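What follows is a single structure, and I will ask about it in a moment.
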There are 2 protein chains.
Amino acid sequence: MSAQSARRDSHTVQSLLAVAVGVFNVRGYDGTSMEDLAKAAGITKSSIYHHVAGKEELLRLAVTRALDGLFAVLDEPPAREGAAAARLEYVIRRTCAELIENLPYVTLLLRVRGNTAAEREALERRRDFDHRVAELMAEAIAEGDLRADLDPRLTSRLVFGLVNSLTEWYRPQEHGVGGNGGADHSAVADALVALVFDGVRNPAA
Amino acid sequence: MSAQSARRDSHTVQSLLAVAVGVFNVRGYDGTSMEDLAKAAGITKSSIYHHVAGKEELLRLAVTRALDGLFAVLDEPPAREGAAAARLEYVIRRTCAELIENLPYVTLLLRVRGNTAAEREALERRRDFDHRVAELMAEAIAEGDLRADLDPRLTSRLVFGLVNSLTEWYRPQEHGVGGNGGADHSAVADALVALVFDGVRNPAA
DNA sequence: GTCTATATTACGATAGAC
DNA sequence: GTCTATCGTAATATAGAC
């Protein structure tokens with residue numbers, strides 16, 4: 001992977017955003033200068049201002065895209081109908097998929113710290129998401145499918161901390177061979193769901 | 001919690017480090033200026049240079065402290081003797097405790113991205129830690145105490161992603177009442193170990 | 001849509017007095 | 001150990017030509 005994208009004749013907001021998110025994830029948002037972005041996009045700093053108002057707008061566009069994808073999962077029918085434990089499993093699995101599908105955007109979202117207005121709005125929407133998952137967890141416990149001794153708030157924090165930690169190491173596979181120990185997209189989601197619901201202990205032991 | 005510490009007459013490297021790590025964790029390392037640190041420490045920018053060579057040295061001191069604490073866990077006798085599954089459980093529990101004990105330092109460590117030499121060294125030591133835990137996981141699977149279908153590398157990434165995600169929300173309790181849903185230090189470690197080994201599913205269901 | 005050139009501010013770091 | 005004052009650099013952003 002080169003630190004600099006190939007030069008191109010013309011950019012759109014979306015193509016520029018894709019480049020910017022990649023650089024933000026390598027150098028950090030605050031550690032990235034407009035000059036860094038210009039080099040990576042193959043244009044000059046001032047050309048970037050033709051597409052967006054500034055660095056913060058690129059951040060706002062990126063985290064909004066990530067959040068919209070995550071919230072869409074909660075609105076899908078299988079996340080709204082049936083036993084709470086099944087809905088929870090569905091949300092976990094689909095959130096993993098969404099995270100991997102939109103990896104650079106979600107990665108950036110999860111690293112936001114609240115320094116700017118755009119970041120604080122993103123943090124608030126994340127809290128809302130977490131709250132809705134905690135409610136789902138509480139329902140699944142009340143329905144008896146999850147262990148009764150679980151603290152729903154604590155458990156949902158742990159489970160989504162686990163899901164979100166995928167951004168720390170998961171890298172999409174290229175050319176049929178990847179660096180994730182042979183674990184592709186759905187294999188990771190399967191392993192994660194199995195860990196969450198049944199743990200690592202061997203029942204036969 | 002005020003964004004600025006109380007003014008004090010004199011600083012040591014350690015007291016300055018504690019202030020700096022707190023600010024780094026709120027604003028991000030790159031988002032923190034020497035002026036921010038000076039205000040938080042109640043002294044001027046130039047006074048900071050009397051104690052340390054610059055901003056990067058504060059970062060290096062902080063992540064070194066965090067890493068030393070984590071590696072010390074691996075050298076404790078219960079992490080080196082007995083069945084691998086029991087050693088693994090010990091390492092998970094003690095790593096949680098170490099993370100909480102040293103929360104600001106470990107939080108900063110886990111957010112480092114590799115922009116500077118100090119950060120790249122820290123990332124390398126983290127990889128070494130992860131590798132040693134993955135070996136422990138593989139032994140526990142080979143000994144039959146963990147499910148045979150587990151991928152040790154993937155599973156150890158998930159488990160330590162889970163442990164590390166504590167830094168995203170855990171806050172130490174103050175005045176006997178905390179904001180962690182009544183879950184104190186060891187209750188969190190207990191819930192995490194229970195989740196990892198046995199999952200959330202109710203066996204009676 | 002991109003460029004060169006530049007305004008303006010903020011930053012990390014140093015000099016030297018107390 | 002801390003201060004005031006300042007240096008040199010790098011940052012965001014704008015103006016105006018092509």
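So that the names make sense, note that chain A is the first sequence line, chain B the second, and so on, each numbered from 1. The shown structure was predicted, so the numbers you read here are calculated from the model rather than taken from an experiment.
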Practice prompt. Report yes if some heavy atom in the side chain of B:H51 is under 4.5 Å from a heavy atom in the side chain of B:T12; otherwise report no.
Written response: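 Contact flag for B:H51/B:T12 side chains = no.
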Worksheet entry | Whole-Å gap separating P (D:dT2) and CG (B:L16) |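 In whole Å, D:dT2 P and B:L16 CG are 9 Å from each other.
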Discussion item. Can you identify which nucleotide, out of C:dT2, D:dG1, D:dC3, has its nearest atom closest to the B:S10 side chain?
Written reply: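 Among C:dT2, D:dG1, D:dC3, the one nearest the side chain of B:S10 is D:dG1.
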Worksheet item: Is the closest side-chain heavy-atom distance between A:R111 and A:Y29 below 4.5 Å?
Response: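 No - every pair of side-chain heavy atoms lies 4.5 Å or more apart.
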Discussion item. Nearest to the A:H11 side chain among D:dC3, C:dT2, D:dG1, which nucleotide is it?
Written reply: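 Selected nucleotide: C:dT2.
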Response to the item:
Distance col, row A:L108:CG vs A:L103:CG, nearest 0.5 angstrom, shows 11.0 Å
Practice prompt. Treat primed atoms plus P, OP1 and OP2 as sugar-phosphate and everything else as base, then score nucleotides 12-18 of chain D 5' to 3': B for base contact with protein heavy atoms under 4.0 Å, S for sugar-phosphate contact only, - for none.
Written response: BBBB---
Worksheet entry | Which residues share a side chain to side chain donor-acceptor pair (under 3.5 Å) with B:E56, sequence neighbours left out |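 Once residues adjacent in sequence are excluded, the partners of B:E56 under the side chain to side chain donor-acceptor pair (under 3.5 Å) criterion are B:T116.
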Worksheet item: Are any of B:T44's side-chain N or O atoms less than 4.0 Å away from OP1 or OP2 of D:dT2?
Response: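 Indeed not, no polar side-chain atom of B:T44 lies that close.
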Discussion item. What is the distance, to the nearest angstrom, from the CG atom on B:L37 to the P atom on C:dA10?
Written reply: 17 Å
Discussion item. I'd like to know whether CZ of A:R120 has more than 12 heavy-atom contacts from other residues, nucleotides or ligands below 6.0 angstrom.
Written reply: yes
Worksheet item: Taking atom P of C:dA10 as reference, at what distance in whole Å does atom CZ of B:R27 sit?
Response: 13 Å
Discussion item. Tell me whether the side-chain N/O atoms of B:H50 come closer than 4.0 Å to OP1 or OP2 in D:dT2.
Written reply: no
Worksheet item: For the pair made of NZ in A:K39 and C1' in D:dA10, what is the distance, rounded to whole Å?
Response: 11 Å
Discussion item. With a 4.5 Å cut-off on side-chain heavy atoms, are A:W169 and B:D130 touching?
Written reply: no
Worksheet item: Between C:dC11 atom P and B:Y29 atom OH, what is the distance in whole Å?
Response: 14 Å
Worksheet item: Quick one: is C:dC3 close enough that its OP1 or OP2 comes under 4.0 Å of any side-chain N or O from A:S47?
Response: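 Checking C:dC3 against A:S47, a side-chain N or O does come within under 4.0 Å of OP1 or OP2.
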